[in-house]
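As C-alpha cells, the structure follows; a few thoughts come after it.
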Amino acid sequence: MLKNYINGEWVASTGSASIDVVNPATGKVIEQVPAGTADDIARAVEAAQAAAQAWRNTPAVQRIQYLFRMKQILDEHAEEIAEICTNESGKTYGESKAEVVRAVENVEVACGIPTMLQSEFSEDIAGGIDEFMIRQPLGVCACIAPFNFPIMIPFWFMPYAIACGNTYIVKPSEKVPMTMTRIFELFEAVGLPKGVLNMVHGAKDTVDALLDHPAVPAISFVGSTAVAKYVYQRGTANGKRIQAQGGAKNPVVVMPDADIDTTVRIIADSVYGCAGQRCLAASLVVLVGKAKELFRDKLVEAARNKTTGYGMDPAAGMGPVITKESKERIEMLIDKGVDEGASLLLDGRNKPVSGYEEGYFIHPTVLDDVKQGTDTFATEIFGPVMGLMYVDTLDDAIQLVNSGNYGNSACIFTHSGSAARRFRHDVMAGNIGVNIGVAAPMAFFPFSGWKDSFFGDLHAQSHHAVEFYTQTKVVIERWHDEWNRKF
Ligand code: NAD
C-alpha cells in the first residue's frame with residue numbers, strides 16, 4: 001500500500017480503505033493506494049502550515065536552489081520515472097519520457113521566479129511619496145491531478161507555488177499514484193525543509209477535504225469538466241482561489257490547400273497519441289470543401305497503420321486506455337456514433353493484443369460524417385476515435401468549431417496565411433494550432449482554456465501561475481526630508 005508524504009516522512013493513511021492500481025496493458029493489480037481521508041489532509045495542512053513562515057521568509061533566490069536540484073533529479077532519473085508511468089498509465093515509453101521533459105521545462109521556468117516577482121515602483125506619486133507593489137505567497141496551497149499526465153501536470157503548478165514561497169500538497173490521481181510517489185522519493189535528495197512539499201493520496205473524500213479546509217487558500221485542479229465545475233463551485237463558495245481545467249473536444253480544420261502528407265501524419269499522431277487521452281488530442285477533423293476527397297482516405301489509412309500494444313514495447317505506437325470502465329464507455333460511444341448516423345470506417349474494438357489479452361486496448365477507430373448537434377459531436381470521448389466532419393467553407397468550419405461546448409484547443413492546417421489569421425482571430429478556444437496537431441503551450445506561456453474547458457481566471461504555467469500563487473500588496477511610503485536633518 002502506498003504511503004502519504006507528510007512533513008518529510010512517509011506515513012500510512014489514517015483510513016483503511018484502498019483502491020487498486022492496475023496496469024492497463026495487462027489488467028493486473030500492481031499496487032494499492034489509500035482511498036484517503038479528511039484526517040490525512042488535516043495532517044498535511046498542519047505540516048505545511050508549520051513550515052509556511054520560515055519558507056515564506058526564505059529569499060526567492062534561495063528557494064529556487066531546490067528547484068535546480070529537482071531539475072537535475074528529473075533529468076537523471078527520466079528513464080526510471082517514465083517506465084513507472086508507462087506501467088500504470090498505459091502510455092508508450094516515448095510518451096512518458098516526453099512528459100518528463102515537459103515537467104522539467106516548468107521547473108526551469110519557475111527558476112526565473114525571482115525575476116517574475118520583481119515589483120512595480122513609482123517614485124513621487126505625490127511630492128516625496130513613493131508607491132510600489134509586492135507579491136507575497138498565499139500560504140498552504142494544493143493541486144489535484146488527473147490520470148492522463150501523471151508526471152507533467154503537478155509540475156504545471158508545484159514548482160511555481162513553492163518558488164513563490166507557498167508550502168504545498170500534491171494529490172495525484174488514484175489511478176496513477178505510483179509515478180508521483182517515486183518522484184517524491186527521489187526528491188528527498190532535494191533537501192527541502194520538512195513540510196514544504198507534501199503528498200496525500202486518495203480520491204473524492206481527499207479532494208473534498210482540501211476544498212473544505214479553511215487553511216488552504218488556493219487550489220489548482222485538472223480533470224474532467226463535471227469535476228472541474230464542482231471543484232470550482234465548492235472551492236470558491238469556501239472563499240478559495242481556484243483554477244480548474246476541464247475536459248475538451250478539440251477540432252482540427254483542414255483546408256484543401258494544406259500539405260497532404262505532413263497534415264495526415266500530424267493529425268493521426270494528435271488523435272491517437274496517448275490513445276486519444278490527451279486534453280489537447282484532436283477529436284473532430286473538419287474537412288473543408290475539396291479536402292474531403294484529398295484527405296479522407298489518407299487519414300483512415302494513417303489510422304489503420306498505427307500499431308497498438310504494451311507501452312514498453314518499442315513497436316507500440318499507442319497504448320491501452322486507462323481502465324476497463326473507460327474502454328467500455330468508449331466502445332459504447334462508438335456504437336452511439338453509429339446510432340446517430342455516422343459510419344464506422346475503421347472499428348478498433350474487439351481486437352486483443354497478443355500477449356496482453358486482458359489489457360484495455362482499443363485500436364484506432366474512425367467515425368465518418370459526424371453531424372453537428374449530435375452527442376458524438378458534443379461529448380468528450382477521451383479515446384482513440386477520430387470523428388470526420390465535412391463543411392463547404394472556412395466560415396462554416398469556424399461556426400462549427402464555435403458551436404461546441406469546449407474551448408481547450410482548435411487547430412487549422414493550411415498554406416493560407418489569411419485563412420490561418422481568420423481562424424486564430426475568430427475561434428473561441430484557449431490554445432490555437434496553425435499546422436500543429438497538439439497545441440500545447442511551452443512552460444513560459446500560460447496554458448489557456450475557454451468555455452467548459454476552464455473555470456477560473458488565471459491559468460497554469462508561467463506568469464499566470466506566479467499571479468495565481470501570490471497576492472499583491474501595495475505600499476505607499478512617505479519619508480519627510482526634514483526628519484533627516486534632525487540626526
Ligand atoms: P477526473 O475528473 O475523473 O479526476 C481528476 C481528479 O479529480 C482526480 O485526482 C480524482 O481523484 C478527482 N476526482 C474524481 N472524481 C471526483 C469527484 N466526484 N469529486 C472530487 N474529486 C474527484 O479526471 P480524469 O479522468 O483523471 O482525467 C481525464 C480528464 O481530465 C479529461 O476530461 C481530460 O480532458 C481532462 N484533462 C484536462 C486538461 C486540461 O488542461 N484542460 C489536462 C489533462 C486532462
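These numbers come from the heavy atoms of this one structure, side chains and all, not from hydrogens, waters or symmetry mates. As the structure lists them, so they are numbered: ligands from 1, and atoms in each ligand from 1.
- Counting only residues at least two apart or on different chains, the side-chain hydrogen bond (donor to acceptor under 3.5 Å, both in side chains) pairs with a member in residues 139-166 are N106-Y160, W156-Q461.
- Scored by the ring pair (Phe, Tyr, Trp, His ring centres under 6.0 Å) test, Y390 finds no partners at all (sequence neighbours excluded).
- Going from atom CD of Q245 over to atom OG of S448 covers 9.0 Å, rounded to the nearest 0.5 Å.
- The list of side-chain hydrogen bond (donor to acceptor under 3.5 Å, both in side chains) pairs with a residue in residues 433-443, not counting sequence neighbours, is empty.
- Side-chain N or O atoms of N4 include one that pairs as donor or acceptor with a backbone N or O of H201 at under 3.5 Å.
- Protein residues with any heavy atom under 4.0 Å from ligand 1: I144, A145, P146, F147, N148, I153, W156, K171, S173, E174, K175, A203, K204, V207, F221, V222, G223, S224, V227, Y230, Q245, G246, G247, A248, C279, E380, F382, N408, F447.
- Distance check, rounded to the nearest 0.5 Å: SG of C411 to CD1 of I432 gives 7.5 Å.
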